[in-house]
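A short write-up of the structure that comes next.
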Amino acid sequence: MNDRYERVDVPTGGEPVAVSDADANELDVPDDPIVPIIHGDGTGAEVGPAAQRVLDEAAEASGREIHWMRVYAGESARERYGANLPDETVTALEEFRVGIKGPLTTPVGAGFRSLNVALRTRLDLYANVRPATYLDGVPSPRRDPGELDVVVFRENTEDVYAGVEWEAGTEEAERVREFVEDEMGEEGLLHDGPAGFGVKPISEFGTKRLVREAIDYALDRDRDLVTLVHKGNIMKFTEGGFRDWGYEVAEDEYGEEVITEDTLWEVRDGEVPDDAVVVNDRIADNMLQQLLTRTDEYDVLAMPNLNGDYLSDAAAAQTGSLGISPGINVGDGRALAEPVHGSAPRYAGQDKVNPTAMIRSGALLFEYLGWDDAADAVDTALRAQIESGRVTYDIERNLDGGERLGTSEFATEVAERIAARSST
Ligand code: NAP
């Protein structure tokens, strides 16, 4: 392995996670898997190792061992290898099927394109899954934060993530203007003077595989409702297409298991069979307010990329802190877990930010591997730690009588809770 993986810290043991020949989604998971990890930029350098400590303890408590393979992207890759994203990093994530990453910084305006987008598109991780569930004891801006229990499925390869843009004043932008005005007949639509242009592709293929993933998740986890969130009243052929193709999946592929809201009221008088999932839709701006006003009516939310970005941060804020919100990017037979938050550069090097989001992202990866017992051990220890009031700044600042811990101290205490529980 060493000769193929020059710019990687190759582990000495462990077995790769594999897929079965018959089904690209069926994983063969050893008890000692090799798991690539990118610590991330800024505060990623702190939450990455902190999460590893907790995840190692949970794996050990469930009779397993993770063989970490440190791979590089962003600042650490530039420092070591003079490259933003060495090929070996992508190859390792492809070959070993699963991985976890901390946040990576993306410059606004000029500079390189997002490495997060590059990773998600190169690995075809088409669903970004972001559960927003409340943890008892975290001060939240909501009166009744326990009502929030939604899972956002955000399309991960199209829409703004296609990244097709032309800068104002360039020859390319002028050619796009000419095309729109002369060839497409939209004369008088654009203001004179410099303008940037972007393309927002939303395809039947990209939409249907994302919506399928959301419906399958709802069926597997006994969830009742999948809501398609779109802005199809204005963007009829992109966001409206998402809505229509989403309903097609629901109506054509699942038989009696899935009911659309129309059928529900027209044919069934609102009666939902116990093991069925209902699919409905909401316009994105309405959804953002309904998540605050009718929180407990929502469950699994499926949407194009940009809606998902806004909505998952808004949902995360309702749980009390971005520092506790996990995520996982999923493709066919591969997954890359990562927290919702960014690199929070203003706190870098202070051993201050909350590693919970990164730790919970690891727990989502455990669930993906079928290690539900290890995921439960992480969840139980985190909840107990937060209820003890010994927490990081983001929670402590709104907590009466809490005690402020640093990133590493918090993670160590969570790991100790897992160890103590497993030895009893
Ligand atoms: P951010 O890094 O998420 O930080 C925004 C604020 O969220 C922080 O100032 C802090 O709020 C809170 N926060 C974030 N992480 C936290 C943690 N672990 N514990 C406690 N609080 C936390 O967003 P940003 O400042 O807009 O973005 C910084 C960089 O990250 C950008 O380059 C952006 O492109 C990148 N980014 C990367 C990813 C990714 O890698 N997937 C995702 C989003 C953004 P308070 O100061 O109020 O405490």
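Start at 1 and go down the list; that is how both ligands and their atoms are numbered.
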Determine, using heavy atoms of E46 and all atoms of ligand 1, whether some pair is separated by less than 4.0 Å.
no
Taking only heavy atoms of T105, which atoms of ligand 1 are found under 4.0 Å from at least one of them?
32 (O)
Closest non-hydrogen protein atom to atom 43 (C) of ligand 1, residue and atom name please, with distance?
G342 CA, 3.5 Å
Numbering as shown, the atoms of ligand 1 that approach K101 to under 4.0 Å (heavy-atom distance):
40 (O), 41 (N)
Under a 3.5 Å threshold, yes or no: a donor from one side chain and an acceptor from the other, between W68 and D9?
no
Which of the atoms of ligand 1 are close to R397, meaning less than 4.0 Å from one of its heavy atoms?
45 (P), 47 (O), 48 (O)
Any side-chain donor paired with an acceptor under 3.5 Å for R142 and S140?
no
Atoms in ligand 1 flagged as close to D394, the criterion being non-hydrogen separation under 4.0 Å
20 (C)
Just by distance, with hydrogens left out, do Q385 and R417 show a side-chain donor and acceptor under 3.5 Å apart?
yes
Under 4.0 Å between a side-chain nitrogen and a carboxylate oxygen: does that hold for D87 and R122?
yes
Donor-acceptor side-chain pairing of R223 and Y217 below 3.5 angstrom:
no
With the threshold set at under 4.0 angstrom, would you say T392 reaches ligand 1 through any of its heavy atoms?
no
Specify the protein heavy atom at minimum distance from atom 46 (O) of ligand 1: its residue, its atom name, and the distance to 0.1 Å.
Y347 OH, 2.5 Å
Heavy-atom distances under 4.0 Å are what count here, so tell me which part of D41 touches ligand 1: side chain, backbone, both or neither.
neither
Is the closest basic N to carboxylate O distance between D216 and R212 below 4.0 Å?
no
Protein heavy atom under 4.0 angstrom of atom 26 (O) of ligand 1, is there one?
no
For the residue pair R346 / T43, report whether a side-chain donor-acceptor contact shorter than 3.5 Å exists.
no
Going by heavy atoms in the side chains, are Y298 and M287 under 4.5 Å from each other?
yes
In this structure, atom 2 (O) of ligand 1 is nearest to the protein heavy atom A344 N, 2.7 Å
Within the 4.0 Å heavy-atom cut-off, what P355 brings close to ligand 1 is neither
Assess the side chains of E158 and N305: does a donor N or O sit below 3.5 Å from an acceptor N or O?
no
Does ligand 1 have an atom that lies less than 4.0 angstrom from a heavy atom of R346?
yes
Hey, is N116 one of the residues with a heavy atom under 4.0 angstrom from ligand 1?
yes
Would you check whether L104 has a nitrogen or oxygen atom less than 3.5 angstrom from a nitrogen or oxygen atom of ligand 1?
yes
Among all the protein's non-hydrogen atoms, which is closest to atom 14 (C) of ligand 1, and how far away is it?
H341 CB, 3.6 Å
Less than 3.5 Å between some nitrogen or oxygen of P103 and one of ligand 1, yes or no?
no
S321 versus ligand 1: do any nitrogen or oxygen atoms come within less than 3.5 Å of each other?
no
Under 3.5 Å, is there a donor-acceptor pair between the Q52 and H39 side chains?
yes
Under 6.0 Å from the CD atom of E167, do we count more than 12 heavy atoms belonging to anything else shown?
no
Give me the residue, atom name and distance of the protein heavy atom closest to atom 10 (C) of ligand 1.
Y393 OH, 3.7 Å
Protein contact to atom 41 (N) of ligand 1 [nearest heavy atom, distance to 0.1 Å]
E338 OE1, 3.1 Å
Heavy-atom contacts with G323 under 4.0 Å: which atoms of ligand 1 show up? List them by number with element.
17 (C), 18 (N), 19 (N), 20 (C)
Starting from atom 32 (O) of ligand 1, find the nearest protein heavy-atom neighbour and note its residue, name and distance.
T106 N, 2.8 Å
Assess, by modelled atom type and distance only, whether the side chains of N128 and R130 contain a donor and an acceptor separated by less than 3.5 Å.
yes
Can you sort out which atoms of ligand 1 are near R120, meaning under 4.0 Å from one of its heavy atoms?
41 (N)
Selected option - heavy-atom contact closest to atom 29 (C) of ligand 1, from S343, G42, S325, G74
S343
When you measure from atom 5 (C) of ligand 1 to the protein, is at least one non-hydrogen atom found at a distance under 4.0 Å?
no
Atom indices of ligand 1 within 4.0 angstrom of L322 heavy atoms, with elements:
3 (O), 7 (O)
If we ignore angles and hydrogens, is there a donor and acceptor under 3.5 Å between the side chains of S343 and D41?
no
Anything under 30° is parallel, anything over 60° is perpendicular, the rest tilted; go ahead and classify W371 against F366.
tilted
Ligand-side contact atoms (ligand 1) for residue partner P345, heavy atom cut-off under 4.0 Å
28 (C)
Test item: side-chain donor near acceptor, H230 and D281, under 3.5 Å:
yes
Heavy-atom nearest neighbour in the protein, as seen from atom 19 (N) of ligand 1, with distance rounded to 0.1 Å
N354 N, 3.0 Å
E155 and T207: side chain donor to acceptor below 3.5 Å
no
